[in-house]
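The block underneath contains the structure these notes are about, expressed in structure tokens.
Residue numbering restarts at 1 for every chain, and letters A, B, ... go by the order of the sequence lines.
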Protein chains: 2
Amino acid sequence: MNSKERTITIADVAERAGVSKSTVSQYLNERYEYMGEQTKERVAAAIQDMGYRPNIVARSLKQKKSTTIGVIVANISHEFSTQIVKSIEDYCNAADFHIIVCNAEDDPAKEKKYIDMLRAKQIEGIIVFPTSTNIELYKELTLEDYPLVFIDRNVPEVDVSSIMLDNKRAAALAVEEFVNHDYSRIGILTNSTVNNVTTRIERVDGFREALHSHGLEVNEDYIKSVELNYIQDELSKMMHLSVPPDAILAGNDLVLAEILKYTKQYNLKIPDDLAVIGIDDVSFASIYNPELTTIAQPTSKMGMDAAKLLLNRIKGISENGQKHYRYEPTLMRRSSCKARRQIL
Amino acid sequence: MNSKERTITIADVAERAGVSKSTVSQYLNERYEYMGEQTKERVAAAIQDMGYRPNIVARSLKQKKSTTIGVIVANISHEFSTQIVKSIEDYCNAADFHIIVCNAEDDPAKEKKYIDMLRAKQIEGIIVFPTSTNIELYKELTLEDYPLVFIDRNVPEVDVSSIMLDNKRAAALAVEEFVNHDYSRIGILTNSTVNNVTTRIERVDGFREALHSHGLEVNEDYIKSVELNYIQDELSKMMHLSVPPDAILAGNDLVLAEILKYTKQYNLKIPDDLAVIGIDDVSFASIYNPELTTIAQPTSKMGMDAAKLLLNRIKGISENGQKHYRYEPTLMRRSSCKARRQIL
DNA sequence: TTGTATGCGTTATCAC
DNA sequence: GTGATAACGCATACAA
């Protein structure tokens, strides 16, 4: 019943059942086609009796399959990352795949180390929030036809399928919402990782374009990308400009938090003193005072689709040509961007 | 340089370097002691040239070690879980271990499935937020001396090391804070999972005891454990009592969010109409209006320690007798529990 | 110091 | 229908 002494193998089961290893293996793999009914029963009984548990590592070695994929997140502290991981996990669980989660902390070296380890472990594919620095590594993987999917960000130099938000549209949605509520001095704050993250760039580009298309001037003083720790400083500078912004777009959840810390500390009223919209629909958006208008990403779908894309690729199911999937952001209209007239 | 054709093995490297497989293996395992300097170089060169990458699966099979542990979280939606996972990951990464994250969603069946799969994969140990229903399974694992660590919750029936918050103390801290600010009609809301979760029970017990020790009466109408979806209903009932509570303790982050939704919807002022303290120091605590007083868990330390405990156990380093570690909660005094006099 | 032989637990390919 | 046997890639005694 319990195998405290020695790990019991297929051979043990075979002996006990009075059949050969092959037969047991057949049974385990449900190839009962040409198997005698009583043999089947005997094997089943032996397995039961001895408490046999297959060794997947041995199987992996033989089959060169680990039924495991890796997920390398750029920064696990983003709510967005967690949500993505959760939905990838859901999908994989249903497909009897496991996931190994790695937190690269936006560090290309760490990312590389993880990728190497994952490959050494015969992990069958990787979903990664890529840092843009490991281009050569990605190229190598692509050359070797290693299943890879980018999520949240992209690396244009490499030909890898990607799952991304339509970032320009996200910025445009926010700008439009600001404009519709009569804000005109609109700024954007994003955190610049050292790496050349496409997502941030697209959001800023989309922001500029949206301003243009609404006939607004782009004020460079209102556009800043700095590390998280400096967000408050930059915002402070903006607010002390002779003409400060009256609305600000937060590039992601963490930036939003920094902005809110600032407004709180200096007692700025949202949206009266400063309207705010954040990209990423943070968990506290609807319970915050005031409720926070945000741009939501379809995280659940994005995670699922990334997993599906990767698993299909692994299983050799052809992906139909297209490579770069874009997801539609959704404006969650709440109260941090409201017409001031209503309020005053 | 690239091995598109065939996976290249130690044998290939050996041949290329003109040495034997053993020598290469020695090299890989850094046992250079009795190895000629030039042999070393030749091997290194061959590895480099051929782009050899060790196959950890094969190594695992041979050594019966996977350098991987599993982490089964009860519910990945709790910020607490994410933080714990993050710190486990940190520790393991430093120790060159990998983690496989599984989300049991408080479902014992799912938990069991995961445990089985992890064991089949020769995962060397598991850190789990246990559902209290799989007692037999835990007992079995214990019997087989399988490395296991419980975190956040405990299962008294089983003899497994555990890492837990001092939950009674957490509740007591909250009650004390309420009392110190002249609240006396104090309630507690926790979510009851179907399973018999020790954590919730301890928090409620601690709550009662603290009330007693402050000479306060325990009003059962103020103590409710229900599923998350019903938290608002229960709170509503409480607030419509002829004598409603004036302070409420939230059993965890998700419950807190429900409470805040309610107070927001019905325009209750915190802390004037209702003082609130939450167990778990949520990310938005210090940016919320008002700032939220919380009881923080030392998540980072707890995660680290859980990982350390498990890894030591795996490495055969004796743990010194003690089994159940309790961690001290910290009161994060902010503004959702303040003397009303000050405010009025 | 280096080479040889063998086993880890499973699956696959054939025979029988 | 079932069984022997050779891989899978690596590590490890032990021999040389």
Side-chain angles (χ1 to χ4, degrees), chain A residues 3 5-44 46-47 50-68 116-117 119-124, chain B residues 3 5-44 46-47 50-68 116-117 119-124:
Chain A
S3 54
E5 340 229 313
R6 199 174 58 79
T7 112
I8 82 136
T9 80
I10 257 192
D12 302 317
V13 176
E15 189 180 355
R16 167 74 155 254
V19 298
S20 78
K21 292 197 302 177
S22 328
T23 307
V24 178
S25 177
Q26 309 262 39
Y27 176 86
L28 290 172
N29 293 287
E30 297 178 325
R31 298 198 54 78
Y32 318 107
E33 329 193 343
Y34 299 111
M35 195 175 305
E37 194 53 42
Q38 47 177 357
T39 336
K40 206 154 98 183
E41 280 163 13
R42 285 223 308 284
V43 174
I47 288 176
M50 313 189 72
Y52 165 77
R53 335 169 63 78
N55 180 332
I56 296 191
V57 171
R59 177 186 298 164
S60 295
L61 176 60
K62 180 65 184 171
Q63 296 189 153
K64 305 188 166 203
K65 286 183 181 148
S66 57
T67 59
T68 305
D116 287 343
M117 273 183 105
R119 303 216 330 126
K121 286 204 173 187
Q122 313 302 104
I123 295 319
E124 301 189 46
Chain B
S3 55
E5 340 229 316
R6 197 175 58 79
T7 110
I8 82 137
T9 80
I10 254 191
D12 302 317
V13 175
E15 188 180 356
R16 166 73 155 256
V19 299
S20 78
K21 292 198 301 176
S22 339
T23 309
V24 179
S25 178
Q26 308 263 36
Y27 176 86
L28 290 172
N29 293 289
E30 298 177 325
R31 297 198 54 78
Y32 317 108
E33 328 192 342
Y34 301 112
M35 197 177 304
E37 192 55 40
Q38 47 177 0
T39 336
K40 208 154 93 182
E41 280 164 13
R42 285 224 307 286
V43 173
I47 288 177
M50 314 188 70
Y52 166 77
R53 335 167 63 76
N55 180 333
I56 296 191
V57 171
R59 177 186 298 164
S60 296
L61 177 59
K62 176 67 185 169
Q63 299 188 152
K64 304 186 167 204
K65 284 181 183 152
S66 57
T67 57
T68 305
D116 287 343
M117 273 183 106
R119 305 222 322 130
K121 286 205 172 186
Q122 313 301 106
I123 294 320
E124 300 188 45

Can you identify which nucleotide, out of C/dT11, D/dC10, D/dT2, has its nearest atom closest to the A/Arg59 side chain? C/dT11
Examine C/dG3: is either OP1 or OP2 under 4.0 Å from a nitrogen or oxygen in the side chain of B/Thr23? Give yes or no. yes
Using a 4.0 Å heavy-atom cut-off across all strands, classify B/Tyr52 as base, sugar-phosphate, or nothing. sugar-phosphate
Could you check whether A/Val57 gets within reach of a base, just the sugar-phosphate, or nothing at all, counting any heavy atom under 4.0 Å? nothing
Establish, with yes or no, whether the OP1 or OP2 oxygen of C/dT11 is under 4.0 angstrom from a side-chain nitrogen or oxygen of A/Ser25. yes
Go through C/dT2, D/dC10, D/dA11 for me and flag the one nearest to the B/Met35 side chain. C/dT2
For the side chain of B/Ser20, counting heavy atoms from C-beta on, which of C/dT4, D/dC8, D/dT2 is nearest? C/dT4
Test side-chain hydrogen bond (donor to acceptor under 3.5 Å, both in side chains) on A/Lys121 and B/Thr68; report intermediate values, then the result. CA-CA 10 Å; A/Lys121 286 204 173 187; B/Thr68 305; 2.3 Å; yes
Could a donor-acceptor pair under 3.5 angstrom be found where the side chain of B/Lys62 meets the base of C/dG7? yes
Quick one: do B/Lys21 and B/Thr9 satisfy side-chain contact (heavy atoms from CB on, under 4.5 Å)? Show the steps, please. CA-CA 9 Å; B/Lys21 292 198 301 176; B/Thr9 80; over 6 Å; no
Send over the distance from B/Ile56 CD1 to D/dC8 C1', rounded to a whole Å. 16 Å
Apply side-chain hydrogen bond (donor to acceptor under 3.5 Å, both in side chains) to the pair A/Ser25 and A/Ser22, showing each step before the final yes or no. CA-CA 5 Å; A/Ser25 177; A/Ser22 328; over 6 Å; no
Before you tell me yes or no, could you show the steps for B/Val43 and B/Gln26 under side-chain contact (heavy atoms from CB on, under 4.5 Å), namely the whole-Å CA-CA distance, both residues' side-chain angles and the distance that decides it to 0.1 Å? CA-CA 10 Å; B/Val43 173; B/Gln26 308 263 36; over 6 Å; no
Could you state the CG-C1' distance from A/Asp12 to C/dC8, rounded to the nearest angstrom? 13 Å
Examine D/dG3: is either OP1 or OP2 under 4.0 Å from a nitrogen or oxygen in the side chain of A/Tyr27? Give yes or no. no
Can you measure B/Arg31 atom CZ to C/dT2 atom P for me and round it to whole angstrom units? 14 Å
Any N or O donor-acceptor pair under 3.5 Å from the base of D/dA11 to the side chain of B/Ser22? no
Relative to the 5' end of DNA chain C, which residue comes earlier, A/Lys21 or B/Gly18, by the nucleotide with the nearest heavy atom? B/Gly18
A/Asn29 CG to D/dG1 P, in whole Å, measures 20 Å
Would you mind reporting whether A/Tyr27 and A/Val19 have side-chain heavy atoms less than 4.5 Å apart? no
Classify the nucleic acid contact of B/Ile10 as base, sugar-phosphate or nothing, counting any heavy atom under 4.0 Å across all strands shown. sugar-phosphate
Within the 4.0 Å heavy-atom criterion, would you say A/Thr39 contacts the bases, only the backbone, or no part of the nucleic acid? sugar-phosphate
B/Lys65 NZ to D/dT12 C1': how many Å, rounded? 13 Å
May I have the distance from A/Leu61 (atom CG) to D/dA6 (atom P), rounded to whole angstrom? 17 Å
I want to confirm an ordering. Mapping B/Gln26 and A/Ala11 to their closest nucleotides on DNA chain C, which one lands closer to the 5' end? B/Gln26
Integer-rounded Å distance: C/dG9 P and A/Ile8 CD1: 11 Å
Within the structure, does a side-chain N or O atom of A/Thr9 lie under 4.0 Å from either OP1 or OP2 of C/dG9? no
Verify the contact: side-chain N or O of A/Asn55 to OP1 or OP2 of C/dC8, cut-off strictly under 4.0 Å; return yes or no. no
Apply side-chain contact (heavy atoms from CB on, under 4.5 Å) to B/Lys65 and B/Glu124, showing your working. CA-CA 7 Å; B/Lys65 284 181 183 152; B/Glu124 300 188 45; 3.5 Å; yes
